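What you are looking at is a predicted structure, and each value in this text was computed from that prediction instead of being measured. Counting starts at 1 for both ligands and their atoms, following the listed order. Atoms considered below: every heavy atom in the structure, side chains included; atoms not considered: hydrogens, waters and symmetry mates.
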Amino acid sequence: MQSSSISKISLDGREFLVKRDDLIDPYLAGNKYRKLYTLLKTPNAAYHTIISYGGTQSNAMLAIAAMCQKKGWKFLYYSKKMSQTLKTNPNGNYSLALSLGMEHCEIEDEFYKEFIASLRLSMDEKTCIIDQGGADAQAREGLEVLAQEIREQKPDVSALATPSGTGTTALFLALSLPEYKIYTIPCIGDATYLKEQMRSLATIPNNLIILEPKKKYHFAKPYKDFLDIYKKLQNTGIEFDLLYASSMWQELLAQTDENIMYIHSGGVSGNESMLKRYSQKNIR
Ligand SMILES: *Cc1c(COP(=O)(O)O)cnc(C)c1O
């Protein structure tokens, strides 16, 4: 594949570069494409079924659904009980993933943990389980490919930035590019939780810098701060996602002053359902 391009934007009087991983594919883009790279390269005949689990509007879920459609693999996705609203009116990533062939199964909340833990017990060799959010050591190879692209493109920056959910992307990118500082931010839980998640995959290198948000935000909840940044970012001509990008940009603007390249991990297909929640809550 060709390297993803680099755009230049200005924001609050500063210039930033943006690595356009969001443009790789409508649904299988950004860090999800990078994290699924190894599986994408796997011969189609190696598997018949992919199993994963997590939230019903997850970007990872949609990316896996797109991958399975391309590869001719069956995709089984487990979640806790979904909201009545989503059930009666499927929208956003959930309906997109269904349209790509995802088979969805709800598990009663009280049995969920045990059920997920038991998935690996009853598996054959042609079934592959992807842990929630694609937090897997297999993700490393695709991030090394991203690192190699960046090395070849030689952007005039001293640091890169990518927001964290599981931290898989930031961690493997930092390990693959020791010559750059990698800024990240915990979007799910706090920095301590993020470090724990990362340590379960590899040792955290010194060039990875976790910025702490000044305020406490809960993942996937609507906040006026995030909507304000989202709108400001829209003026750059590039759309960013509301869950991760807003909080990363907020802290980059507040806590850094050097030349930075932001890795755009896509996720904008989730904005439709998030913006609906903003307007339901009268946040504008
Ligand atoms: C999934 C996702 C992340 C988080 O990636 P991790 O590797 O889990 O840290 C960040 N940004 C976007 C847009 C995502 O979809």
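Ligand 1 lies nowhere less than 4.0 angstrom from a heavy atom belonging to Gly30. Using 4.0 Å as the threshold, Ala170 has no heavy atom nearer than that to any atom of ligand 1. In this structure, His264 has no heavy atom closer than 4.0 Å to ligand 1.
Atom numbering of ligand 1 starts at 1 in the shown order; those under 4.0 Å from a heavy atom of Thr168 are 7 (O), 9 (O). The contact set between ligand 1 and Pro163, taken as ligand atoms under 4.0 Å from a residue heavy atom, comprises 4 (C), 10 (C). The atoms of ligand 1 that sit less than 4.0 Å from any heavy atom of Lys32 are 1 (C), 2 (C), 3 (C), 14 (C), 15 (O). Interface of Thr169 with ligand 1, defined as ligand atoms under 4.0 Å from a residue heavy atom, comprises 5 (O), 6 (P), 7 (O). In the vicinity of Ser265, heavy-atom distances shorter than 4.0 Å reach the ligand 1 atoms 11 (N), 12 (C), 13 (C). Against a heavy-atom cut-off of under 4.0 Å, Gly266 is close to the following atoms of ligand 1: 13 (C).
Here the two rings, on Phe115 and Tyr53, have centers that are 6.0 Å apart or farther.
Using a 3.5 Å distance cut-off with no hydrogens or angles, the side chains of Glu106 and Tyr77 do not pair a donor with an acceptor. Under the 3.5 Å distance criterion, with hydrogens and angles disregarded, a donor-acceptor pair is assigned to the side chains of Tyr230 and Glu239. In this structure, a donor-acceptor pair under 3.5 Å is absent between the side chains of Ser265 and Asp21. Side-chain contact annotation: Arg20 with Ser5, donor-acceptor N/O pair under 3.5 Å absent. A donor-acceptor pair shorter than 3.5 Å cannot be found between the side chains of Asn59 and Tyr244.
The structure places CD of Gln57 at 8.5 Å from CD of Glu272, a figure rounded to the nearest 0.5 Å.
From the protein, the heavy atom lying nearest to atom 8 (O) of ligand 1 is Thr166 OG1, 2.6 Å. In terms of protein heavy atoms, atom 4 (C) of ligand 1 is closest to Gly165 N, 3.3 Å. Nearest non-hydrogen protein atom to atom 12 (C) of ligand 1 is Tyr244 CD1, 3.4 Å. Among all protein heavy atoms, the one lying closest to atom 5 (O) of ligand 1 is Asn31 ND2, 2.8 Å.
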Determine, stepwise, if the pair Gln132 / Tyr78 fulfils side-chain hydrogen bond (donor to acceptor under 3.5 Å, both in side chains). CA-CA 10 Å; Gln132 179 157 9; Tyr78 296 100; over 6 Å; no
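When heavy-atom distances to ligand 1 are checked against a 4.0 Å cut-off, Leu243 has no atom that comes that close, whether in backbone or side chain. By the criterion of a heavy-atom distance under 4.0 Å, the side chain of Asp241, and not its backbone, is placed next to ligand 1. With a 4.0 Å heavy-atom cut-off, ligand 1 is reached by the side chain of Asn59 but not by its N, CA, C or O.
Remark: Arg151 does not engage Glu144 in a salt bridge, criterion side-chain N to carboxylate O under 4.0 Å.
Residues Pro163 and Tyr262 have side chains in contact (heavy-atom distance under 4.5 Å, counting atoms from C-beta outward).
Aromatic ring orientation, His264 versus Phe240: parallel (interplanar angle below 30°, classes split at 30° and 60°).
Some N or O of Gly167 is nearer than 3.5 Å to an N or O of ligand 1, by distance alone.
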